[in-house]
Amino acid sequence: MTKVIKNGTIVTADCTYKADVLIEGEKIAAIGQNLKGDQTVDAADAYVIPGGIDPHTHLEMPFMGTTATETFESGTFAAASGGTTMLVDFVLPGADGSLVNAVKDWDRKSAPQICSDISYHMAITGWNQGIFDEMAEVVKRGINTFKHFMAYKGALMVQDDEMFASFQRCAALGAMPLVHAENGDVVAALQEKFMSEGLIGPEGHAFSRPPEVEGEATNRAIMIADAAGVPLYVVHTSCEQAHEAIRRARQKGMRVYGEPLIQHLTLDETEYFNKDWDYAARRVMSPPFRSKDHQDSLWAGLAAGSLQVVATDHAAFSTAQKRMGLKGFPMIPNGTGGLEDRLAVLWTRGVETGRLTMNEFVAVTSSNIAKILNIYPLKGAIVEGADADICVWDPKISKTISAASQKSIIDYNVFEGIKVSAQARYTLSRGDIIWADGQNSQPQPGRGRFVPRPAFSAVNQALSKWKELTAPRQVMRDPANIPSGV
Ligand code: URP
Ligand code: ZN
Ligand code: ZN
């Protein structure tokens, strides 16, 4: 059975051209003019782009005394309806602390439910010999990224020495560390201070997590990664202070990547001052939404290439769950949604306004992250041999975002009321149409697959070599080695 996507304009991260795409089974078989197939997918007046990859989701995540409501079934279907064909979800170790058991647990939950492909990042939430040993097994299972929380004191947070040990282990295994960069000690102290002063509402959340705590942690993580000789990916980069640290590191030749979220690009801190407690609490996430200056910095970073990826950090808790924090903002489950709307909002606020080109849009929604995660061009590309994960993106279907019509099972939407000017006409996952606008598409639970991601041995070896070459300069920085009189 073959399909041909006809009469569209292909937009990739580096070029734009008119051509048909022939799909044989799960793969792109040919790209050219006047191609024929058993079935035609109409792309006239539309763009043909790689399916979106959202590298930051928390589906059914146990967190802050509850479990995120969005399921693997509803999450992958909601994503598909918005043009996203792959999610990378975070695996958290359970009570036994075993990484391998946690992966098995995530497989058990996700496999029967997913309608598109997924992959995993593994969270490192402590440090011991068992974790050191199991990291190798996790990499063998196709997980080449390990996330470290520098915040959430008393829960997921790791200390600097644990992070350094884990980063070194990543370097040895050809894996890449990820960080949630906020100074968790300062956040905890500020939470206590504001609570004791009676500032217990959602606005206290923003006050307790100022941009400086994110900037400090980002700088610290970069330094630790540099010392360990490993690349670094900073998740949910939300402010100029963190962006500045990433920019500076990259300028020095360090492999540091930054991931703004669509929420931080478009929603600002005034949301936390809404008089409606539910409204404000639904928007509580970490880092919090920032001021417009910070948004400008993030947009500039995407255009300039100092920030590479737009994600969602989809961690969707219902209003009832948010109300666990009625007696104090530190108890509001942290997280917001966005995986259904990421492409449409970024297109409308980015491409339509001239802040991003169409090719940059593709780069930051799929191709860059596929490269960073070592699955390019299997995913994130429109080339012969790639998986046929494709979105027919229609720049003429507008809508006003509303919880009432969304596919996500959450009872609200943080983008409620925003008018978007483009949407997915069709979404294909490995050649299957899993979303067709206006055709009442239904999810096909269980058809999605886990995508293993190979280790980055070549990059890390190169970095280790670079470390060796620059070692004498490090020695020269040690005061004991500076010749007298200099
Ligand atoms: O508030 C957030 N971001 N919740 C999800 C967990 C995390 O920190 O990524
Ligand atoms: Zn985080
Ligand atoms: Zn997250």
Side-chain angles (χ1 to χ4, degrees), residues 53-70 75 79 87-93 102 106 118-125 145-158 163 177-184 187-188 191 202 204-206 208-209 211 213-215 217-218 220-221 232-239 242 257-265 267 269 271-272 280-290 309-318 321-322 324-325 329-339 342 369 373 410 414:
I53 300 173
D54 187 343
H56 191 156
T57 68
H58 300 277
L59 302 174
E60 302 182 37
M61 171 182 61
F63 187 51
M64 294 184 72
T66 186
T67 299
T69 295
E70 199 79 78
L87 308 178
V88 190
D89 204 70
F90 285 86
V91 176
L92 300 186
W106 248 251
I118 61 165
S119 194
Y120 302 142
H121 307 289
M122 169 55 72
I124 297 295
T125 57
T145 38
F146 291 88
K147 161 124 177 230
H148 304 76
F149 292 89
M150 300 170 79
Y152 306 126
K153 190 173 180 178
L156 304 174
M157 179 168 143
V158 284
M163 231 165 60
L178 277 50
V179 283
H180 170 135
E182 285 184 302
N183 185 317
V187 169
Q191 286 178 329
H205 178 74
S208 67
R209 307 182 100 101
V213 302
E214 186 183 340
T218 306
R220 185 157 36 101
L232 179 73
Y233 183 96
V234 183
V235 302
H236 46 48
T237 302
S238 77
C239 63
Y257 307 103
E259 172 207 81
L261 305 182
I262 189 63
Q263 296 93 318
H264 288 123
L265 286 162
L267 304 172
E269 62 192 358
E271 307 265 340
Y272 299 116
R282 287 164 176 162
R283 284 146 180 87
V284 164
M285 67 165 301
S286 298
F289 303 160
R290 306 293 192 190
V309 176
V310 176
T312 65
D313 192 4
H314 191 95
F317 297 96
S318 66
Q321 290 173 306
K322 291 281 184 181
M324 291 165 65
F329 68 85
M331 277 84 78
I332 301 172
N334 283 204
T336 62
L339 51 67
R342 179 181 64 130
I369 192 63
L373 297 182
I410 298 303
V414 294

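Since we're looking at a predicted model, the values are computed, not measured. Ligands are counted one by one from 1 in listed order, and the atoms in each one are counted from 1 as well.
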Sub-4.0 Å atoms of ligand 1 with respect to non-hydrogen atoms of His56: 9 (O)

Among all protein heavy atoms in this structure, tell me which lies nearest to atom 3 (N) of ligand 1, with the distance rounded to 0.1 Å. Asp313 OD2, 2.6 Å

Nearest protein heavy atom to atom 4 (N) of ligand 1, by residue and atom, and its distance? Asn334 O, 3.0 Å

Please give me the minimum heavy-atom distance between His180 and Ser286, naming the atom from each residue. CE1-O, 3.8 Å

Minimum-distance pair of heavy atoms, taken over all atoms of Glu70 and Ile410: OE1-CG1, 3.7 Å

Quick check: Tyr272 with Phe329 (ring centres under 6.0 Å apart)? no

Which residue supplies the protein heavy atom nearest to atom 1 (O) of ligand 1, what is that atom called, and how far is it? Ser286 N, 2.8 Å

Atom 8 (O) of ligand 1: which protein heavy atom is closest, and how many Å away? Tyr152 OH, 2.6 Å

Can you tell me which portion of Met285 lies within the under-4.0 Å heavy-atom range of ligand 1? Options are side chain, backbone, both, or neither. both

Identify the two heavy atoms, one from Val284 and one from Thr336, that lie closest to each other, and give their separation to 0.1 Å. O-CG2, 4.2 Å

Look at ligand 1 and say whether Lys147 reaches it with a heavy atom at a distance under 4.0 Å. yes

Looking only at protein heavy atoms, what sits closest to atom 9 (O) of ligand 1 is His58 NE2, 3.1 Å

Of the side chain and backbone of Phe90, name the one, both, or neither that has a heavy atom under 4.0 Å from an atom of ligand 1. neither

How long is the span from the CE atom in Met150 to the OG1 atom in Thr218, to the nearest 0.5 Å? 7.5 Å

With the Zn ion (ligand 3) at the apex, how many degrees lie between NE2 of His58 and OD1 of Asp313, rounded to 10 degrees? 90°

Here's a test for you: under ring-ring contact (aromatic ring centres under 6.0 Å, His included), which of Tyr233, Phe90, Tyr120 qualifies with His56? Phe90

Within a distance under 4.0 Å of any heavy atom of His236, pick out the atoms of ligand 1 and give their elements. 8 (O), 9 (O)

At the Zn ion (ligand 2): angle between His236 atom NE2 and His180 atom ND1, to 10 degrees: 90°

When you check the side-chain N and O atoms of Thr145 and His121, is any donor under 3.5 Å from an acceptor? yes

Sub-3.5 Å donor-acceptor pair from the side chain of Gln321 to the main-chain atoms of Thr67, do we have one? yes

